[in-house]
Amino acid sequence: MLQVFKFGGASVKDASSVKNVASILNKYKQTPLCVVISAMGKTTNALERLVNAYCNKTENTELILEDIKSYHFNICKELFTNENHKIYTELENIFLEIHWAIEDEPSSNFDFEYDQIVGIGELLSTKIVSAYLTEIGIKNLWIDARGIIQTDNTYREGKVDFELTQSLVTKEILSKFSEFDIIITQGFIGGTSENFMTTLGREGSDYTASILAYCLNASQVTIWKDVPGVLNADPKWFSRTKKIEELTYHDAIELTYYGATVIHHKTIKPLQNKNIALHVKSFINPDEKGTIIQNNDKRLNYPTYIFKINQVLISIQPKDFSFIAEGNLSEIFDVFSKCGVKINLMQLSAISFSVCCDYNTDKINHLVQTLQNHYKVLYNTDVELMTIRYYTQDTIDALTAHKVILLEQKSRYTVQMVMKNEL
Ligand code: ASP
Ligand code: MG
């Protein structure tokens, strides 16, 4: 039965990692595989720097581009013994396109420029992996996702046209499995009806894998990561974490919704709709079991933690100290949506409306200025948002020691707290 694999940036960050991916694919020789790959290592961040330099003239674009180029060419030097391998010309051509693009003056649409340049990382990585597989005798077909994943022109967060994408997947991918066992394509990117490149949002390759699995009716999806599976907390913040063996779609959706970054938040829903199991496994120990996300009735019997730093807590009040009414709320939500600020948590009281969001300075400044036309706006930066699913009082006490809780919300299974370090 057909499966979809997704390999993230860390799994293809250097030549030996690419070889490791090939060895994993080799183990699944008997299975038809659609393989989705992200940009190598930190390439997407480097490309973001390039777009900023290009649009805001902050840095020398050529130097950044040279770094990205030599990073990829050095990987190729280790993978391909033949100096005249055709991969070099293929990569040169992709780089030439970026080079030309940044020679022109940028348009005023930053998000558009962003997608045309940042999505290149996935084209480079998939070209290299596909060529390497061919080199070592693993037959595969490289497919350009821009011609498959069709989106509208919401640049940097393309909305997928599932109907159109479905028919393209059937025609351009499914039919190819009669001839190829492995199909390689890019995560994160799509195309518009006008043939412009779009991206699905940072870390969106997981979502690509899910869209393709949905359209291919795959039996399962595996996301290969540098951790053993889904953990009950991020090891960056917590010293004692444990791997979750099995998770329901529902819990997985909740955890990613509250900000668990292990899987992109849009990934689960399409899989749940078709009952396709999602495995999260380690590419370092590919034979270990990992986490399975699927339909079951097992609720976790221990807490999971999601910790977000760099939050801002904004409190909004009518200038005349009247009550907040429904009319105010719709006006306030409209400002949030226009300023592109996502709400992580909100709470309404008689005279004020409080909202916790990621503290993105530019966006928040714009938001606060706009709101100040009609409201009194106060805000508190340097706050943290802690979410505990399946909490107990002990876990809450342990995590809030030496913290001031500014706002708390509790439901049956989940508690969320906006807090600050005690002075
Ligand atoms: N390369 C993109 C990013 O780093 C997409 C992904 O990795 O999923 O955001
Ligand atoms: Mg990534």
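Worth knowing before you read on, the calculation uses all heavy atoms, side chains too, and leaves out hydrogens, waters and symmetry mates. Counting starts at 1 for both ligands and their atoms, in listed order.
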For the pair E246 and K298, find out whether any cationic side-chain nitrogen is under 4.0 Å from an anionic carboxylate oxygen.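 K298 and E246: salt-bridged.
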Atoms in ligand 1 with a heavy atom of [X] nearer than 4.0 Å:
X: F188; result: 2 (C), 5 (C)
X: S38; result: 6 (C), 7 (O), 8 (O)
X: R202; result: 3 (C), 4 (O), 9 (O)

Hey, could you give me each pair passing side-chain hydrogen bond (donor to acceptor under 3.5 Å, both in side chains) that has a residue in residues 226-244? Not counting sequence neighbours. none
Test item, G187 contacting ligand 1 (heavy atom, 4.0 angstrom): no
Please work out, at 4.0 Å between heavy atoms, whether the side chain, the backbone, both, or neither of E122 comes within that distance of ligand 1. side chain
Check: Y114 ring centre within less than 6.0 Å of Y155 ring centre: no
Distance flag, aromatic centroids of F7 and F283, threshold under 6.0 Å: no
Who are the ring pair (Phe, Tyr, Trp, His ring centres under 6.0 Å) partners of Y207, not counting sequence neighbours? none
